[in-house]
Structures are given as structure tokens and as C-alpha cells.
S.K.: 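For reference, the structure I am asking about is given below.
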Amino acid sequence: MRPQSTFTLSLTINGNPWSGEVPVEETLLEFLRLRLRLTGTKRSCESEVCGACTVLVDNRPVSSCNYLVFEAHGRSVLTIEGVAQGDTLDPLQEAFIRNIGAQCGYCTPGQIMAAKSLLMENPRPTREQIAEWLSGNICRCGAYGAIAQSILETAGEYGKRKN
């Protein structure tokens, strides 16, 4: 048996600093779910196809199933658990609830994280831009219409705040 190599990791997770030793082969998904017990990020295809494991690293969506945790060294990671501000849901979360943008809910954390990244980059996306941006996020229940509507409504809400 060969010795396991480790890496001294420092990052910010949902606004909180974290440092410690991690195995070099540990994925960000394993780190989040097993080490930090942040289980909102889901394991599914493990091949960057379904989007259930989407989190934001420096505000960019990544598939945490194939992103090695040491790649997040010195970066900021946002998971679904960090989207709400205390007991106040993010407007995107509220819109998903209002529009029934989640049926079984398994893909919802990844959908919300990808949508949040889209709205940070493009606060006024078209339906076509939403479809393109979320093309890597699969919803087996077929709630795509409600998901797109939730994003459009949230974009409108964010637009009103800027005026």
C-alpha cells in the first residue's frame, strides 16, 4: 500500500475561511459532502454531464464531481447552503418556490447555482440565453419552463433594484 499524498488547502467556503489537509485525489464534491457535511450539492453522473453537482468557484459554475479540491486553493466556493442570507432566501430561491421550479428537487441546487452565476454575469438574460447557459443541467422531471420563468422573474427583480 502506497502512502496517500496530501495537500494543505486554504479556501473560503460560503464566506467562511477553511484550512486543513486534504488528499490530493479528493474531489470538491467529496470535500463538500463528506468532510464539510454540505450535502445540498448532489452526486449523480460523476462525468460533468448532469449539473447536479454544480457549485460556484470564484463565481463561475464548476462540476464539483470532477474538480479536484486542491484546485480551489485560495479561491472562494459558494454552495447552495451559502446562497440564502441567514433566514432570508435569495430572490432566485423564492422564485423557484413560487413557480414550482423544483419537482423532485434533486437537480435544484445545481440549477440554482448555475442560474446565480448566469445572473451575476448577465442580469438581463433572454429565454434563449438561459436555455444555452443551463444546457449542462439536466432536470429529469422536466421543470425547464418553471426554471426559466424563475430566472426571468429574478432578473426582473434585480433590474428593479438597480433603478
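Residue indices begin at 1 and follow the sequence shown. Keep in mind that this is a model prediction, so the values were computed, not measured.
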S.K.: I'd like to know if the side chain of E71 and the backbone of L68 have a donor-acceptor N/O pair within less than 3.5 Å.
M.R.: yes

S.K.: For N59, does its backbone N or O pair with a side-chain atom of S117 as donor and acceptor, under 3.5 Å?
M.R.: yes

S.K.: Do T8 and S19 come close enough that some side-chain heavy atom pair is under 4.5 Å?
M.R.: no

S.K.: Count I, L, V, M, F, W, Y as connected when their side-chain heavy atoms are under 4.5 Å apart, and connections chain through other members. Are M120 and L118 then in the same cluster?
M.R.: yes

S.K.: What do the steps show when you test I97 against L89 for side chain to side chain contact (heavy atoms under 4.5 Å, CB included), and what is the final call?
M.R.: CA-CA 10 Å; I97 293 168; L89 294 178; 3.6 Å; yes

S.K.: Hey, is the main chain of L9 close enough, under 3.5 Å, to the side chain of H73 for a donor-acceptor pair?
M.R.: no

S.K.: Where is the tightest heavy-atom contact between Y106 and P109, given as atom of each residue plus distance?
M.R.: O-CD, 3.6 Å

S.K.: Please answer: with hydrophobic residues joined when any side-chain heavy atoms are less than 4.5 Å apart, are V57 and V24 in the same cluster?
M.R.: yes

S.K.: Count I, L, V, M, F, W, Y as connected when their side-chain heavy atoms are under 4.5 Å apart, and connections chain through other members. Are V83 and L38 then in the same cluster?
M.R.: no

S.K.: Salt bridge or not for E46 and R43, using N-O below 4.0 Å?
M.R.: yes

S.K.: Same hydrophobic cluster for I13 and V62, using side-chain heavy-atom links shorter than 4.5 Å among ILVMFWY?
M.R.: yes

S.K.: Grab the two heavy atoms, one from G101 and one from I147, that are nearest each other, plus how far apart they are.
M.R.: O-CG1, 3.4 Å

S.K.: Which heavy atom of A95 sits nearest to which heavy atom of S150, and what is that distance?
M.R.: O-OG, 3.1 Å

S.K.: Ignoring hydrogens and geometry, is there a side-chain-to-backbone donor-acceptor pair from S64 to C53 under 3.5 Å?
M.R.: yes

S.K.: Measure the shortest side-chain to side-chain distance between L32 and R37 over non-hydrogen atoms and say whether it is less than 4.5 angstrom.
M.R.: no

S.K.: Given the rule in the side chain to side chain donor-acceptor pair (under 3.5 Å) test, do T12 and S76 qualify, once you have shown the distances and angles that lead to the verdict?
M.R.: CA-CA 5 Å; T12 302; S76 177; 5.3 Å; no

S.K.: Rounded at 0.5 Å granularity, tell me how far CD in E94 sits from CD in E153.
M.R.: 11.0 Å

S.K.: Kindly give the heavy-atom pair with the smallest separation between M113 and T54, and that separation in Å.
M.R.: CG-O, 3.4 Å

S.K.: Is the CD1 atom of I100 crowded by more than 12 outside heavy atoms at less than 6.0 Å?
M.R.: no

S.K.: Go through it in stages, so that I can follow the logic: the residues are R75 and L11, the test is side chain to side chain contact (heavy atoms under 4.5 Å, CB included), and I'd like the CA-CA distance, side-chain angles, deciding distance and then a yes or no.
M.R.: CA-CA 5 Å; R75 298 177 182 260; L11 53 72; 5.6 Å; no

S.K.: Can you hop from L78 to Y67 via hydrophobic side chains spaced under 4.5 Å?
M.R.: no

S.K.: Might you point out which heavy atoms bring L119 and I151 nearest each other, and give the distance in Å?
M.R.: CD2-CG2, 4.0 Å

S.K.: Side chain of R33, backbone of T39: donor and acceptor closer than 3.5 Å?
M.R.: yes

S.K.: Nearest heavy-atom pair of A148 and R127: which atoms, and what distance?
M.R.: CB-NH1, 3.3 Å

S.K.: Output yes when a side-chain donor or acceptor of E30 lies under 3.5 Å from a complementary backbone atom of T27, and no otherwise.
M.R.: yes

S.K.: Name the atoms and distances for all side-chain donor-acceptor pairs under 3.5 Å in residues 132-140, with sequence neighbours left out.
M.R.:
| residue | atom | partner | partner atom | Å |
| --- | --- | --- | --- | --- |
| W133 | NE1 | A114 | O | 2.9 |
| S135 | OG | E132 | O | 2.9 |
| N137 | ND2 | G51 | O | 3.3 |
| N137 | ND2 | G110 | O | 3.2 |

S.K.: Using side chain to side chain contact (heavy atoms under 4.5 Å, CB included), reason through T41 and L29 one step at a time and then give a plain yes or no.
M.R.: CA-CA 7 Å; T41 304; L29 178 64; 3.6 Å; yes

S.K.: Quick one: list whatever passes salt bridge (charged side-chain N to carboxylate O under 4.0 Å, His left out) with E26, sequence neighbours left out.
M.R.: R35

S.K.: Taking T154 as the fixed residue, which of L92, N99, I112 is the one that meets the side-chain contact (heavy atoms from CB on, under 4.5 Å) rule?
M.R.: L92

S.K.: Checking side-chain polar atoms at under 3.5 Å, does T79 have a donor or acceptor matched by the opposite partner on N14?
M.R.: yes

S.K.: Do the ring planes of F70 and F7 sit parallel (below 30°), tilted (30 to 60°) or perpendicular (above 60°)?
M.R.: tilted

S.K.: Just by distance, do the side chain of S63 and the backbone of N66 share a donor-acceptor pair under 3.5 Å?
M.R.: no

S.K.: A quick test of your reading: do over 12 heavy atoms of other residues, nucleotides or ligands sit less than 6.0 Å from CD of Q85?
M.R.: no

